[in-house]
J.: 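My questions will all concern the structure given below.
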Amino acid sequence: MKRILIAIVLLGMCTTGLKAQEITSFPGMWGETFYQDKTKLSWKEIDAIMKESQVAEMHWQKSKKQAVGGLVFGAANFGASIWLLSNLDKNEPLTAPAIAAAGSGLIGAIFFHASMKNKKTAILEYNDALGKKTSYRLVPTSNQNGIGLALKF
């Protein structure tokens, strides 16, 4: 009886200490930086972590595609701005380059905003999924000691 009680107490202590770590993001000069507790995550690590939850991965992939769209329109905005400055120096009409610069800048900003929103949603979905999962499960096992249940982490 004493052994059973000790086993239950130890099992309880082990399972209460097991919890996956949430991800936090902070804005930085060159984009967002991601942390898991005090550990800074690289983009490769955050990509691998997001694959653990299907919903988070869907939002994360969508965010990456929108960021590429934002970069494309950002490059178009850069080109249109150069075109505008070139026409300004040559005293040529500025209507077409101004419209191109304003339009590509606006569309690029919309893409980047949507990308940031989906990143935030992906992180929140991942963190929310952590609370719903247990970090252990019981699996049937057999070995030289007999048949029973094993706690798998």
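Heads up: numbering here begins at 1 and tracks the sequence.
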J.: Decide yes or no on side chain to side chain contact (heavy atoms under 4.5 Å, CB included) for Asp47 and Lys64, but give the supporting numbers first.
T.: CA-CA 10 Å; Asp47 276 341; Lys64 286 170 49 176; 3.5 Å; yes

J.: How long is the span from the OH atom in Tyr126 to the CD1 atom in Ile49, to the nearest 0.5 Å?
T.: 5.5 Å

J.: Considering only residues two or more places apart or on different chains, which pairs with a residue in residues 89-101 satisfy side chain to side chain donor-acceptor pair (under 3.5 Å)?
T.: none

J.: When rounded to the nearest 0.5 angstrom, what distance separates CH2 in Trp83 from CG in Leu88?
T.: 13.5 Å

J.: To the closest 0.5 Å, what do you measure between CD (Glu57) and CD (Gln54)?
T.: 7.5 Å

J.: Give every residue pair that meets the ring pair (Phe, Tyr, Trp, His ring centres under 6.0 Å) criterion with at least one member in residues 32-68, sequence neighbours excluded.
T.: Phe26-Tyr35, Phe34-Trp43, Phe34-Trp60, Trp43-Trp60

J.: How many angstroms lie between CD1 in Ile82 and CG in Asn87, if you round to the nearest 0.5 Å?
T.: 12.5 Å

J.: Could you list the donor-acceptor pairs under 3.5 angstrom formed between side-chain atoms of residues 102-117 and any protein atom two or more places apart in sequence or on another chain?
T.:
{"unit_1": "Ser104", "atom_1": "OG", "unit_2": "Asn77", "atom_2": "N", "d": "3.3"}
{"unit_1": "Ser104", "atom_1": "OG", "unit_2": "Asn77", "atom_2": "ND2", "d": "3.4"}
{"unit_1": "Ser104", "atom_1": "OG", "unit_2": "Ala100", "atom_2": "O", "d": "2.8"}
{"unit_1": "Ser104", "atom_1": "OG", "unit_2": "Ala101", "atom_2": "O", "d": "3.3"}
{"unit_1": "Ser115", "atom_1": "OG", "unit_2": "Ser63", "atom_2": "O", "d": "2.9"}
{"unit_1": "Ser115", "atom_1": "OG", "unit_2": "Ser63", "atom_2": "OG", "d": "3.2"}

J.: Applying the 4.5 Å side-chain criterion to the ILVMFWY set and letting contacts propagate, would Leu41 and Ile123 be lumped into a single cluster?
T.: yes

J.: Looking at side-chain heavy atoms only, is the closest gap between Thr39 and Glu45 below 4.5 Å?
T.: no

J.: At their closest point, which heavy atom of Ala129 faces which heavy atom of Ser53, and how far apart are they?
T.: CB-OG, 4.2 Å

J.: Can you tell me how far CD1 of Ile46 sits from NZ of Lys40, rounded to the nearest 0.5 angstrom?
T.: 12.5 Å

J.: Are Lys62 and Met58 side-chain neighbours, meaning at least one heavy-atom pair lies under 4.5 Å?
T.: no

J.: As an exercise, state the distance from CE of Met50 to NZ of Lys119, rounded to the nearest 0.5 Å.
T.: 10.5 Å

